[in-house]
There are 2 protein chains.
Amino acid sequence: MASLRALECLVAVADSGSITQAARLLHSSQPAVSHQLATLERETGTTLLRREPRGVRLTPAGRAALADARRAIAAAASAVRSARAAGEATGGSLRLACAQSLVSVLAPVIREWHRRHPEVAITLRESTSPDELHGFIDSDEADLALMPAPVPGRFTTTAVAEEEIVLTAPTGHPLAARPAVPLEDLEGAPLVHFAPENGLSAWLDRSFARAGVRPEPVMRTAVTTAAPQLAAAGLGIAVCPVSAVSDGFPGAVRSFSPRWVRQLVAVTSAEPDPLAARFIRNLRKHGVHVPRGVRTQLAADNSTSAKT
Amino acid sequence: MASLRALECLVAVADSGSITQAARLLHSSQPAVSHQLATLERETGTTLLRREPRGVRLTPAGRAALADARRAIAAAASAVRSARAAGEATGGSLRLACAQSLVSVLAPVIREWHRRHPEVAITLRESTSPDELHGFIDSDEADLALMPAPVPGRFTTTAVAEEEIVLTAPTGHPLAARPAVPLEDLEGAPLVHFAPENGLSAWLDRSFARAGVRPEPVMRTAVTTAAPQLAAAGLGIAVCPVSAVSDGFPGAVRSFSPRWVRQLVAVTSAEPDPLAARFIRNLRKHGVHVPRGVRTQLAADNSTSAKT
DNA sequence: AGAAGCCATTCAAGAATTTTATGGCATGGG
DNA sequence: CCCATGCCATAAAATTCTTGAATGGCTTCT
C-alpha cells in the first residue's frame, strides 16, 4: 500500500510544479521528496511525472492518481479529527439504552446535552427487560445503559441517581389515607402487577419477599406506566418508580415508610470511554427531573464508578 | 498526520474484534498492531478502543474515526490503481490537441482507440494556430498535439504520418488539365490563400518562396477546409493538405509533381509518458484515413521519437 | 563562460516499525 | 484447584524506512 507520505508528496508536487518547491511546502528536503515519488512510481509501475528543466509536470497517470491522493489525505486527516472531536464531545455518536420507565428521566438530560453538544449524534434504545439492556451492552449495540440496580457484576456501573418507589392508588383508597405507607400494609392488597418480561416484575417479587409481605396480584401489564393508570382506574394499587407516574396522574401517590428507593446506574461494559464518561457526569450533575414534583435524589458524592 | 498503517490497524481491529486477529489479517505481529493503535490514540488524544478480556471493542471515538479510516485506505489503494491503470491504458485521461485540419485524420484513430480502451477519457482541443498548439503543450493543457512539422526544437516530436499537399481547382480549370502539376505552374495563378492566424498561411508562403514561385492571392480565409470550397466555387485555385478536402468535393484535386508532402508529427513536451506513447503507436500503426481515397502515407519505420 | 535552478544519486545518520521475548490478566476445563 | 489458553501491554533488539548532506548532471539565463 502506498504510504500517505508519498501521496502527500505527489499532491505537493502537483500543486507547486516542482519537487524542490514541494519539499519546501512539506518542510522536508528535496531528495526525500524525490525518493518518495520514486517509490510511488515503482509501486504503480508507471511514471507519475515528467522531469523537465524547469520543474516537473504530471503525466496522465499522475493526474489519475492525484484526485485519489487528495481524497486519501483528506480522509486520514478527517479520521483523526473525528476521533479527537468524539473525545472532546464535539462529535461522534453515543448510543444510549435505558429502561422504558426511565425515558422520562433521561429525556431532559439528553435535551440539555444536545443543546450543549449539538454535534454528537445520540441514539436511544429502550427496553422493559433488564436482560435485553444487558445484551445491548454485551453485544456492543449501546455504549451506555441507564437502568435500575442491581446489575450483573461483569459490568461497570456508575451510580447516577436514586429513584423513589411509590404506591399509587385510586383517590380515596384506604391505603392512601396516610401520607406515608408502611410496606407491611400491602399484605393481601389487590396489586396491579407487571408481566414477567417487564424487569420490575421479578424485582418487585424479590422486594416483597424480602419484606415478608404478600400483595394479591389482580392483573399484570408489561407497560410500566400503565400500572398506575390501571390502579387509579380502580383495579387496586400499584407499586412503581415515581418516574412511571405521569404528570397529571388522576390518582393518589404515596411514599412508603420508610422511604423506598432504588439506585439508577449507568452501565458500561468496562471503564467508560471519554464520551460516555462525560455523559454520565452530565447525568449526575444535571439532576434528574421527575414528574409530579417528587424529586429523584441525586446519588451521594461518593457513589463513583465501580466494578461490583 | 496519522499513518495509513495505523488506520489499517484500526480497520482490521474493528473488523476482527481483536488485536491478535487483526495482526493475523495484516500479516503482522500482535505487538506491532498494538503499537500502531497506541500511536493513533496518542495522536487523537482519546482512547479508540476498550481493551476487554475477550478482545477489544471500539469506543465512540474509534467508531467516529473508522469510517474515515476506511475511506482513506480505499482512496490510497484507488490512487495506485488509477495510476497503474493509466500506465496500462485501462484508465486515466488523455488530453489531445490537433491542427483543425487534422481532426478528420485523428477522428478514426480516436474512434478505434476508444473502442479498445473505453476507460481512457479523451479530450480533444483544436486550433488553427501552431503557436496556440505549442502553447497547449507548454502550459500543460494537453498531453499530446498532432500537427504538421516543423515544430520548435524545444519539443519532442514523433513522426506519425505524411500528408499530401494538393492543388484544388474548379472542374475544368486549365491547371487541372494535367494529372500532376509542377509547382512552378502556379506562378501568377489566382490563389485562395489563408489568413495569417491560420498556420498554413506562413507555411505556404515559405514553401512558395523556397520554390521561387509567386501565386496571386485573391482572398484569404482562416478556415482550412473553406479554401478548396472557395476555389471550386470559381475564385481560383487553392493549395492545402488533402485532409482538408472534404468527401464529395465538387472540384478538381491534383497532386503536385513531384509529390508534395508534409510530415505530421505527434508533439509532446518531453519523452512521451506511457499513455501518450501508446496513443502515438496507435497513430502510426492504425494508419491514417484521408477522404477521397488519397491515402496519407505512413511514416517510414525509422521515424522514431526524436528531440530535434 | 559562469551563475542559478532543478533533479537524481549516494551514503550515512536518525527515526520508525516490526519482531522476539516476556508478563499480567481473565476464562474455561480437567 | 491448577493449568492451559487466549488476550493485551511492555521492553529491548533488529530491521527497515525515511531523511538530510553532499555531489554531479542538466538546462536556461545573464
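Keep in mind the model is a prediction, meaning the values are calculated, not measured. By convention in this document, chain letters (A, B, ...) are assigned in the order of the sequence lines, proteins followed by strands, and residues within each chain are numbered from 1.
Here C/dT9 presents its P atom at 11 Å from CD1 of A/Ile19, a figure rounded to the nearest Å. Rounded to a whole Å, the CD atom of B/Glu8 is 16 Å from the C1' atom of C/dA16. Atom P of nucleotide D/dT27 and atom CZ of A/Arg50 are separated by 16 Å, given to the nearest angstrom. Put simply, CG on B/Leu49 is 13 Å from C1' on D/dA9, counting in whole angstrom units. The separation between A/Leu37 atom CG and C/dC6 atom C1' is 14 Å, rounded to whole Å. Atom CZ of B/Arg57 is separated from atom C1' of D/dC7 by 14 Å (rounded to the nearest Å). In this entry the distance linking CD of B/Glu52 with P of D/dG6 reads 19 Å, nearest Å. Between A/Glu41 atom CD and C/dC7 atom C1' the separation is 12 Å, expressed in whole Å.
B/Ala74 and B/Arg81 get closest at one heavy-atom pair: O-NH2, 4.4 Å. Summarising the geometry of A/Leu275 relative to A/Ala86, their closest heavy-atom pair is CD1-O, 3.5 Å, with the distance given to 0.1 Å. Listed here is the closest heavy atom pair of A/Ala159 and A/Val265: CA-CG1, 4.0 Å.
A donor-acceptor pair is defined here as one N or O able to donate and one able to accept, closer than 3.5 Å; such a pair exists between the side chain of B/Thr268 and the backbone of B/Ala270. Proximity of a side-chain donor or acceptor of B/Arg51 to a complementary backbone N or O of B/Leu49 within less than 3.5 Å is detected. Of the possible donor and acceptor atoms, none in the side chain of B/Thr157 sits under 3.5 Å from a partner among the backbone N and O of B/Ala266.
Under the side-chain contact (heavy atoms from CB on, under 4.5 Å) rule, A/Val80 has a single partner from B/Leu7, B/Asp68, B/Thr44, which is B/Thr44.
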Assess the residue pair A/Arg63 and B/Asp143 against the criterion (salt bridge (Lys or Arg N to Asp or Glu O under 4.0 Å)); give the C-alpha distance rounded to whole Å, side-chain angles, the decisive distance to 0.1 Å, and a yes or no. CA-CA 11 Å; A/Arg63 275 203 310 280; B/Asp143 299 307; 2.8 Å; yes
With a cut-off of 3.5 Å and sequence neighbours excluded, list every side-chain donor-acceptor pair involving residues 25-33 of chain B.
none

Would you tabulate the nitrogen or oxygen pairs shorter than 3.5 Å linking the protein to nucleotides 17-22 of chain C?
residue : atom : partner : partner atom : Å
C/dT18  : OP1  : B/Arg5  : NE           : 2.9
C/dT18  : OP2  : B/Gln36 : NE2          : 2.8
C/dT19  : OP2  : B/Ser28 : OG           : 3.2
C/dT19  : OP2  : B/Ser29 : N            : 2.8
C/dT19  : OP2  : B/Ser29 : OG           : 2.8

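Distances shorter than 4.0 Å separate none of the side-chain N or O atoms of A/Ser18 from OP1 or OP2 on C/dG5.
Closest to the A/Ser34 side chain, of the nucleotides C/dA8, D/dA9, D/dC7, is C/dA8.
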B/S/- contact track for nucleotides 24-30 of chain C, protein heavy atom under 4.0 Å: --SS---
